[in-house]
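Worth knowing before you read on, the calculation uses all heavy atoms, side chains too, and leaves out hydrogens, waters and symmetry mates. Each chain gets a letter, A, B and so on, in the order its sequence line appears, and its residues count up from 1.
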Protein chains: 2
Amino acid sequence: MEKQTITIYDVAREANVSMATVSRVVNGNPNVKPTTRKKVLEVIDRLDYRPNAVARGLASKKTTTVGVIIPDVTNLYFSSLARGIDDIATMYKYNIILANSDQNDQKEVQVLNTLLAKQVDGIIYMGHKISDELRAEFSRSKTPVVLAGTVDPDEQMGSVNIDYEAATEQTIAQLISNGHERIAFVSGSISQEPINGIYRLKGYKTALQNAGIEYDESLVFETAYSFTVGEEVYSKLAEAGATAVFAGDDEIAVGIMNGALDHFVKIPEEFEVVTANNSKLSEMVRPKLSTITQPLYDIGAVAMRLLTKLMNKEDVDEKTIILPHNIANRGTTKEV
Amino acid sequence: MEKQTITIYDVAREANVSMATVSRVVNGNPNVKPTTRKKVLEVIDRLDYRPNAVARGLASKKTTTVGVIIPDVTNLYFSSLARGIDDIATMYKYNIILANSDQNDQKEVQVLNTLLAKQVDGIIYMGHKISDELRAEFSRSKTPVVLAGTVDPDEQMGSVNIDYEAATEQTIAQLISNGHERIAFVSGSISQEPINGIYRLKGYKTALQNAGIEYDESLVFETAYSFTVGEEVYSKLAEAGATAVFAGDDEIAVGIMNGALDHFVKIPEEFEVVTANNSKLSEMVRPKLSTITQPLYDIGAVAMRLLTKLMNKEDVDEKTIILPHNIANRGTTKEV
DNA sequence: CTGAAAGCGCTAACAG
DNA sequence: CTGTTAGCGCTTTCAG
């Protein structure tokens, strides 16, 4: 005999009420006499009834699940955001469908489509850039989208970030005040990723300009998001005569630092490093990385909170949210 | 005017066929005349029809989504497994609902229940221990479960792991051959976590015994899974007179190593460290951590592959899978 | 406060 | 090769 799944109908019959009433007590609808509620609850417990969320989703057109597009869960920056997202999602009774995109345009569009097919109530997107096709798909659908740790120049979707430009400017300014004139800028794609190519680079240039230092393109490097390539990059920085570096990603920063260390360069005495994300990685290496401190968990959490409001069609006064940042001087910069 | 969602019925009407036929072409059923298939496909494209996965799930009793219970996405060991899981899931057209459990028994049971309510086709569980209540819930449901990087002594569920005992024994043996007699063993809970308390500890003891070294309980430490506590632990190791350590987690190992480094201890000359998981963290620190090499990504991938077979009710010859391991001597152990 | 009834959008026999 | 017909299990008017 196959194990029979018990439905709302079974509960109704056993409790001598209609399915409508069972539905009401399951959904906490107050219009139920305490006596009947109790009776129904008791039957539910006895039969060990568990509402089928799929059926519920079909009938109510709400699935209480949100899609999360992430470049790679294995990157501490993004997984930290994801943790914040999941915690708040859980708090609001949502579940998360997590999909790695590898930042691949085609994969992203495909993932988005399956997410939409699964009728997610909302989407959180993380990534370095949003392709035109993806943006088009986003705006074509009615499903609310929030960007976490991701900026899209045309601010159509909700987003949560820090002020990358200001943060970078401060960082570079401090490096300059430490005596550096040749400060390298290393990040992912300058031409494609707004955070790097627009905001951070702008902050970098502004700081240089304020100090009367000429911008030198040969100090700007694009690289992949991995510590392995970071190590290779160090040699290039050295060749270019850089005495300090700002890295747009902690893994990259670690790679560069290790590259320097492997060349017996003393940090921070002979070479200073500042990174951008304050993931726990930055505190696990030695010396500890000086960094822009971003509230990673909070960025994720606030993004998810914003999404709940959007999904709930609540009024949102500001859907482009900027969280505060700071700078932590740890072991890879000289004492000021 | 609200944007009308278009259904299979609309497509059927426009194409002058029945919904059954549309369903067939959508699902790749071969019993459709090429001509009609083409016609339907064209209408689907024109109307931009997207099948509703929720309705499909209700009708077919399959959701093509699997639940993944993970202690913390932010832990590189688990996120590496998760990456393997997601990639294979995607390959087989499944999506993943990811839920952080924080290894909290109550939360795990709750998460499992919502996963089951959402009618996931299967579940992958990662964690250090399975509470009795959770195990009961697992066996009560018909939904297939696979453990990844997790062992449960009564092998009822599918699982993918390495041979923790053998790996640990080899590691300790090597440390002994390097001249150590007081080797510390640091991990999460010994009393509750089978991998640590049963397998690794057994391997540890066997290696000592083979070398005629007496087991000393004061060299065994339990600690939380975080590099921050690891740093505190180092002092205790030093007090206990340990000259080498085996750590059951990379973050813990990093913490201990940093604790030693912060005390100006030379590694590996004065103190050797071997860690257990080979997460990329082990290669990002300096010196690079010597480690048992586990195929993390593969453990996740194989676990997911196994789950697809289970969900598909295929015959599986062996559902307790052991993947090969090795030992990588990097910077925290002396050259042999 | 409660019940009846009509779907939600799709799959899956079954018949032809 | 194609259409008809029941549901899947639940929510949601609409009456009463």
Report task. Would you sort out whether B:Y225 and B:Q103 count as a side-chain hydrogen bond (donor to acceptor under 3.5 Å, both in side chains), showing the intermediate values? Result -> CA-CA 11 Å; B:Y225 288 90; B:Q103 199 65 253; over 6 Å; no
Query raised in the report: Would B:E314 and B:N312 count as a side-chain hydrogen bond (donor to acceptor under 3.5 Å, both in side chains) if you check the C-alpha gap in whole Å, the side-chain angles of each, and the deciding distance to 0.1 Å?
Result: CA-CA 5 Å; B:E314 292 176 32; B:N312 218 24; 3.0 Å; yes
Query raised in the report: Can you give one letter per nucleotide of nucleotides 6-16 of chain C, going 5' to 3': B for a protein heavy atom under 4.0 Å from the base, S for sugar-phosphate only, - for none?
Result: -BBBBBBB---
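Counting 5' to 3', DNA chain D first comes under 4.0 angstrom of a heavy atom of chain A and last does so at the ends given by D:dG9 to D:dT12.
Contact check on B:E14 versus B:R46 returns a salt bridge, with a Lys/Arg side-chain nitrogen under 4.0 Å from an Asp/Glu carboxylate oxygen. Between B:R135 and B:D154, at least one side-chain N (NZ, or NE/NH1/NH2) sits under 4.0 Å from a carboxylate O, which counts as a salt bridge. A salt bridge links A:D48 with B:R140: the distance from a Lys NZ or Arg NE/NH1/NH2 to an Asp or Glu carboxylate oxygen falls below 4.0 Å.
Between its opening and closing five pairs, the helix from C:dC1-D:dG16 to C:dG16-D:dC1 changes axis direction by 30°, a value rounded to 10 degrees.
Using the six-membered ring where Trp is involved, A:H128 and A:F78 have ring planes that are perpendicular, over 60° apart on the 30 and 60° scheme.
Under the salt bridge (charged side-chain N to carboxylate O under 4.0 Å, His left out) criterion, B:R305 pairs with no residue at all, not counting sequence neighbours. In this structure, the side-chain hydrogen bond (donor to acceptor under 3.5 Å, both in side chains) partners of B:N27, at least two apart in sequence or on a different chain, are B:S23, B:R56.
The side chain to side chain donor-acceptor pair (under 3.5 Å) contacts involving residues 65-75 of chain A comprise A:D72-B:R83, where partners must be two or more places apart or lie in separate chains.
Side-chain atoms of B:N31 and B:R24 form no donor-acceptor pair, as typed in the model, at a separation below 3.5 Å.
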